[in-house]
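In what follows, chains are A, B, ... by sequence order, proteins preceding strands, each numbered from 1.
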Protein chains: 2
Amino acid sequence: MNKRDDLAHKAATMYYVQEQTMDAVAKEFDVSRATVSRLLKYARDTGLVRITVADAPSERNELGGRLEKNFGIHAQVVPVRGSSSPIGQMEQVSRVAASALDGMMEPGTVLGMAWGSTVTEMSRHLVPRKVPDSVVVQLNGAGNARRSGIPYTGAILNSVAEAFGSQIVHFPVPAFFDYADTKQAMWRERSIRSVLHLQSQVDVAVFGVGALNGPVPSHVYSSGYLDERDFDVLSKEGVVGDICTVLLREDGTWQDIEMNRRASGPTPVELSRVRRRLCVVSGPHRAGALLGALRARAVTDLVVDSLTAKILLDKTAAARTLQPRGHE
Amino acid sequence: MNKRDDLAHKAATMYYVQEQTMDAVAKEFDVSRATVSRLLKYARDTGLVRITVADAPSERNELGGRLEKNFGIHAQVVPVRGSSSPIGQMEQVSRVAASALDGMMEPGTVLGMAWGSTVTEMSRHLVPRKVPDSVVVQLNGAGNARRSGIPYTGAILNSVAEAFGSQIVHFPVPAFFDYADTKQAMWRERSIRSVLHLQSQVDVAVFGVGALNGPVPSHVYSSGYLDERDFDVLSKEGVVGDICTVLLREDGTWQDIEMNRRASGPTPVELSRVRRRLCVVSGPHRAGALLGALRARAVTDLVVDSLTAKILLDKTAAARTLQPRGHE
DNA sequence: CCTTGAGGTGAACGTTTGTGCAGAAGTGAT
DNA sequence: ATCACTTCTGCACAAACGTTCACCTCAAGG
């Protein structure tokens, strides 16, 4: 409907630009103030009204600053009250991430997206804004059906693409192959190669990190792609989590993990050809995996809750103190 | 001070991006909620937080649409409750104008500014935003001292330039010369010529319209630049007002008005070389002068209150009905 | 014709937010 | 140290706001 947009636009102008009260706007339109409140919410949600916060002035000596120094990344630490629920915390983080991503999109951007609970939550907080000639491409193979609260991968891409008005390119392969040979075979297929080629042109990549252990093991590990034996191997190998379905250890190594030969996502090396790599992390149980991701240089931009950030920094400080000539 | 910016930035992120309540933010910082409220106001005022409303979707069949059709301009009509005071109305209009101007500034823009009560009010509602390589140049000669509430012209330019981070170029001549000869002489001066040259490169011009008659005659007419005899002549000539100190009639003519040979501002013809010409008008007594300005094709973008817009359209409708082959 | 359900509205209520005021804390000159 | 001055803060209250709920309207389908 278009009349609604029109009303919302006028209401937004009166309220946000002219700084009238909702009451005044309501009288102007001859509706109730409640309706105006709803119109304004609508205007914000649809991107008719846009509220942006200037980029962080490179946070001083705080957590964020230390992260930036230690890892050479741009970090945004989301303060999180210990009181609020993990879900609430994740929502806070993902809102900030959505805003950060919004700031990275410009005409012609190719956006690479992993899928996961964090990224999903982020996609729900994007405010629509058309970005001409943008493309959204899926980075790693998909889960199949709706599972553990994560909608079908396609739906995630869909909602992101809708927000930015982008084209969608899917990546129709499983998250993990059962046989490395199959992967190799698929990688030779023309249809897959074209996606891989597009992936190599990604300007902005967005992903979370999965944690192998933790309250709820990341769905990568509970979706039937890996069996008992696999888990045993992972534990012995010292794997703590993954990014884009590529498994890694806390020290950032991943190359020699056999199972990665069956994984569908880009390795940190491939990822590092992407100019901006936005990593979104919420929850202390992911600190280890995040540390691995940072050490693997997979991240240029980080959004993380303050609790996890603190744990992360403690870990690195400990590592330095204990092994000044590190041989961990 | 910088600590304040920092706090304000964090508060703004928590409030506007994470959508926390002020209470939550206050607890995080361990200050009172009132302080957070003030921090947020500060963040908005300094441009740390930016709230923008999408451009009008070319207002349908409303007043704005009719203005656009009739005069081939982009018009924005500011709804104005008959109840509010003329001062309040002007504030509403100037807020919208400030927002419109903000939308026109881009790196390298040369902004030409007239001075007047409307423009002054507008300058007070600009939210700071640095525009690289922008320049603000004064379009017409200045009043000398503080007068009828209008600060010294320099102060207006100053605040605008401060908001955009622009360079300032003054135009050190009187609004009206006493002798046309003097003007001609001055126009040969190198210092003046350089300003004139810059004026010819203006990308965006901003000006109001002055009304000859009305509750408070525009300050152009009460600042001692024109004497009794001048006024008599103006009345006989059918002059209704001015833009940029160039006098004009309601039918848009101005060329043959002798006094304009002594005026310092750019004529409509000169003005029309500027790509975007933003005219800001508040108050029904200016409808006549505005009509003249529109007919002189001096305007590409108009911000006007709804009351004045209506009068304006009535005038044009009347003119058409009465003189289908117009000889007014 | 009635039924049913989606989408929208205003009244009322509880929450959230802005602001005048009085006092605290900082600043700089004497 | 004292004073005069400005700037900042929290309190308390009034204003503005978001949301629930009951109700209305309209349109599709029986």
**Prompt:** What nucleic acid atoms does B:Val36 come within less than 4.0 Å of, heavy atoms only: base, sugar-phosphate, or nothing?
**Reply:** nothing
[X] [atom1] - [N] [atom2] separation (whole Å):
{"X": "B:Tyr16", "N": "C:dT17", "atom1": "OH", "atom2": "P", "result": "10 Å"}
{"X": "B:Leu39", "N": "C:dT19", "atom1": "CG", "atom2": "C1'", "result": "15 Å"}
{"X": "A:Glu19", "N": "C:dT17", "atom1": "CD", "atom2": "P", "result": "16 Å"}

**Residue pairs fulfilling side chain to side chain donor-acceptor pair (under 3.5 Å) with at least one residue in residues 301-313 of chain B, sequence neighbours excluded** =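 Sorted result for residues 301-313 of chain B: B:Arg276-B:Asp301, B:Asp305-B:Thr308.
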**Item:** Qualifying side chain to side chain donor-acceptor pair (under 3.5 Å) pairs with a residue from residues 21-32 of chain B, counting only residues at least two apart or across chains
**Value:** B:Ser32-B:Thr35
Keeping the roles fixed (side chain from [X], backbone from [Y]), state whether a donor-acceptor pair exists under 3.5 Å.
{"X": "B:His9", "Y": "A:Ala54", "result": "yes"}
{"X": "B:Thr109", "Y": "B:Met105", "result": "no"}
{"X": "A:Arg33", "Y": "A:Val25", "result": "no"}
{"X": "B:Arg124", "Y": "B:Thr120", "result": "no"}
{"X": "B:Lys130", "Y": "B:Glu162", "result": "yes"}

**Prompt:** Which angle, to the nearest 10 degrees, lies between the helix axes at the two ends of the helix from C:dC1-D:dG30 to C:dT30-D:dA1, each defined by five pairs?
**Reply:**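 Answer rounded to 10°: the end axes differ by 30°.
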Under 3.5 Å between N/O atoms: give me all the protein pairs with nucleotides 13-20 of chain D, atom names plus distance.
unit_1: D:dC17; atom_1: OP1; unit_2: A:Tyr15; atom_2: OH; d: 2.6
unit_1: D:dC17; atom_1: OP2; unit_2: A:Met22; atom_2: N; d: 2.8
unit_1: D:dG18; atom_1: OP2; unit_2: A:Ser37; atom_2: OG; d: 3.0
unit_1: D:dG18; atom_1: O6; unit_2: A:Arg33; atom_2: NH2; d: 2.9
unit_1: D:dT19; atom_1: OP2; unit_2: A:Lys41; atom_2: NZ; d: 3.3

**Prompt:** Going 5' to 3' along nucleotides 23-28 of chain C, which nucleotides have protein heavy atoms under 4.0 Å from the base (write B), which only from the sugar-phosphate (write S), and which from neither (write -)?
**Reply:** ------
**Request:** Please say whether the positively charged group of B:Arg129, taken as NZ for Lys or CZ for Arg, lies over the ring of B:Phe164, i.e. under 6.0 angstrom from the six-membered ring centre and within 45 degrees of the axis.
**Result:** no
**Item:** Distance-only side-chain donor-acceptor flag, A:Arg44 / A:Tyr16, under 3.5 Å
**Value:** yes
**Request:** Report the residues that fulfil side-chain hydrogen bond (donor to acceptor under 3.5 Å, both in side chains) with B:Glu91, sequence neighbours left out, ordered by chain and then residue number.
**Result:** B:Arg95
